[in-house]
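For reference, the structure discussed in these notes is given below.
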Protein chains: 2
Amino acid sequence: MPARKGNPGDPTTRNALLDAAQHVMCTEGYAAATTRRVASEAGVNSALVSYYFGSLDGMFIALFRRGAERSFERLGQALGSPQPLWGFWDLIHDRSNSTSTMEFIALANHREVIRDEIADYSRRFRRAQLDSLTQVLQRYGVDPDELPASVVILGLSSLSRFMLIEEAFGVDVGHKETEAKVEDFIRRLEGERCPSPT
Amino acid sequence: MPARKGNPGDPTTRNALLDAAQHVMCTEGYAAATTRRVASEAGVNSALVSYYFGSLDGMFIALFRRGAERSFERLGQALGSPQPLWGFWDLIHDRSNSTSTMEFIALANHREVIRDEIADYSRRFRRAQLDSLTQVLQRYGVDPDELPASVVILGLSSLSRFMLIEEAFGVDVGHKETEAKVEDFIRRLEGERCPSPT
DNA sequence: GTCTATAGCTGGATAGAC
DNA sequence: GTCTATCCAGCTATAGAC
């Protein structure tokens, strides 16, 4: 189950390295996440990246997995809440995940191990979404021929990611209207958004 | 109007360099598009990258602009055709542009000049889409309060890009159904897709 | 225009001291 | 566990020959 090789070591330092890697990656792009840069951001020596993760690839995979596990947990919570559609929309519409996802996609373009990792995770994630939202929509009386759960999932996910990317560039033409339409749609099925009691 | 600096030089070599850059970028990621790698792919010496574009950034900008100009032309053709919605959908659903767009977005994350370039272009592109599709939808009798042109544009663009990215990873759960729904939507407004006479 | 050569960096990974 | 020191590879950009 380890990313590749590397030592168990001190989880504090290990996490500090992953935190640093995430930060550098999101603010300056994956190419800036070098061993030296990440280690210096974490306040430790660059040799520790090899020690903990075996290689840079190992570090990226460990980072991706950590994020994926967190996302998967949050997906479960969102879909199990009293307002699964609102929960889902809020989850994928979370800005903090978007940048890092984009970087991993670009990274995957030329690192095979990363690509495989993301593909696996995406399928698992999508399956969970489909299983859950199929039941939810049925409960709401939505005709699955008229509007399949897969279309709802892909529609919400893609709109959310697209707008987040554009906003990162300072482009937001038409976003207000589109967001309003999405929220109208959810509201019709699930009622007004209630603040989560957590 | 030049990207930055650089010499006019031989347009054949210049284009060969841009072609090579595009190829390397799409197949191995932007980080692989180094002066040496690109020049060697183009069959010339790496010093020519500096000669033609002044710097690597200059090369990326020149490459982006070349692609943007082509896309802008094609957008005009698509939106001016007898079936603007089909034309638009086919244009954005073109696989060959998707990879390169993704790389530029990632690149922009840590190269300011690239980010500015993309932001400018995106706004211009969106404006043209909005101006044109607003009229088209009106002609089709679509109520702009019910379904604003901006929502149609963002919806189609985001779905298309999202699915193309996923397919690049070998993930296509739910794509068939979603594509079918999109095409139903266009068909209702614009009729069966007619093969372009060109 | 296109080349060779090179200066000056920065990178990943590892050996070995502590 | 964490460090220093180091090897070697690869990069950008430029000077100058042809």
Side-chain angles (χ1 to χ4, degrees), chain A residues 2-25 27-64 103 106-107 109-114, chain B residues 2-21 23-25 27-63 103 106-107 109-114:
Chain A
R4 308 214 74 186
K5 36 186 177 176
N7 299 307
D10 180 352
T12 311
T13 305
R14 193 188 140 94
N15 273 319
L17 283 170
L18 291 181
D19 291 343
Q22 181 154 52
H23 182 244
V24 171
M25 207 169 161
T27 51
E28 302 173 48
Y30 71 79
T34 63
T35 51
R36 286 162 146 86
R37 186 83 180 68
V38 166
S40 118
E41 189 92 1
V44 296
N45 190 272
S46 71
L48 289 189
V49 170
S50 293
Y51 177 75
Y52 279 101
F53 309 108
S55 68
L56 248 200
D57 268 359
M59 182 193 75
F60 282 125
I61 294 209
L63 179 58
F64 182 81
E103 288 296 325
L107 187 58
N109 222 350
H110 63 286
R111 301 229 193 185
E112 210 179 2
V113 281
I114 311 275
Chain B
R4 308 214 72 185
K5 38 185 176 178
N7 299 308
D10 181 352
T12 311
T13 305
R14 193 188 140 95
N15 273 319
L17 282 170
L18 291 182
D19 290 343
H23 181 244
V24 172
M25 207 170 160
T27 52
E28 302 173 48
Y30 71 79
T34 63
T35 50
R36 286 162 146 84
R37 186 81 182 66
V38 166
S40 118
E41 188 93 359
V44 296
N45 189 272
S46 71
L48 290 188
V49 170
S50 293
Y51 177 75
Y52 278 100
F53 308 109
S55 68
L56 248 201
D57 270 358
M59 182 193 76
F60 282 124
I61 294 209
L63 179 59
E103 288 297 324
L107 188 57
N109 222 350
H110 62 285
R111 300 230 194 187
E112 209 178 3
V113 280
I114 310 275

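Every chain is numbered from 1, with letters handed out A, B, ... down the list of sequences. Not measured: the values here are computed from a predicted model. In what follows, every heavy atom counts, from backbone to side chain, and hydrogens, waters and symmetry copies are set aside.
For the OP1/OP2 pair of C:dG12 and a distance below 4.0 Å, the side-chain nitrogens and oxygens of A:T35 include at least one atom meeting the criterion.
Per the geometry, CG belonging to A:N7 stands 12 Å off P belonging to C:dT14, to the nearest Å. The CZ-C1' distance, from A:R37 to C:dA13, rounds to 20 Å in whole Å. Distance, A:L17 CG to C:dG12 C1': 15 Å, rounded to whole Å.
Other residues, nucleotides and ligands contribute only 12 or fewer heavy atoms inside 6.0 Å of the NE2 atom of A:H23.
A:T34 comes within 4.0 angstrom of sugar-phosphate atoms only, judged by non-hydrogen atoms across all strands, and of no base.
Looking at residues two or more places apart in sequence or on another chain, you find a side-chain contact (heavy atoms from CB on, under 4.5 Å) between B:A47 and B:N45. By the side-chain contact (heavy atoms from CB on, under 4.5 Å) test, A:N15 pairs with A:L18, A:R66, sequence neighbours left out.
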Reading 5' to 3' through nucleotides 1-7 of chain D, protein heavy-atom contacts under 4.0 Å coded B for base, S for sugar-phosphate only, - for none: BBBB---

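A donor-acceptor pair shorter than 3.5 Å can be found between the side chains of B:D10 and B:T12.
Rounding to the nearest 0.5 Å places CD of A:E28 at 10.5 Å from CD of A:E103.
Across A:D57 and A:I114, no two heavy atoms sit closer than the pair O-CD1, 4.4 Å.
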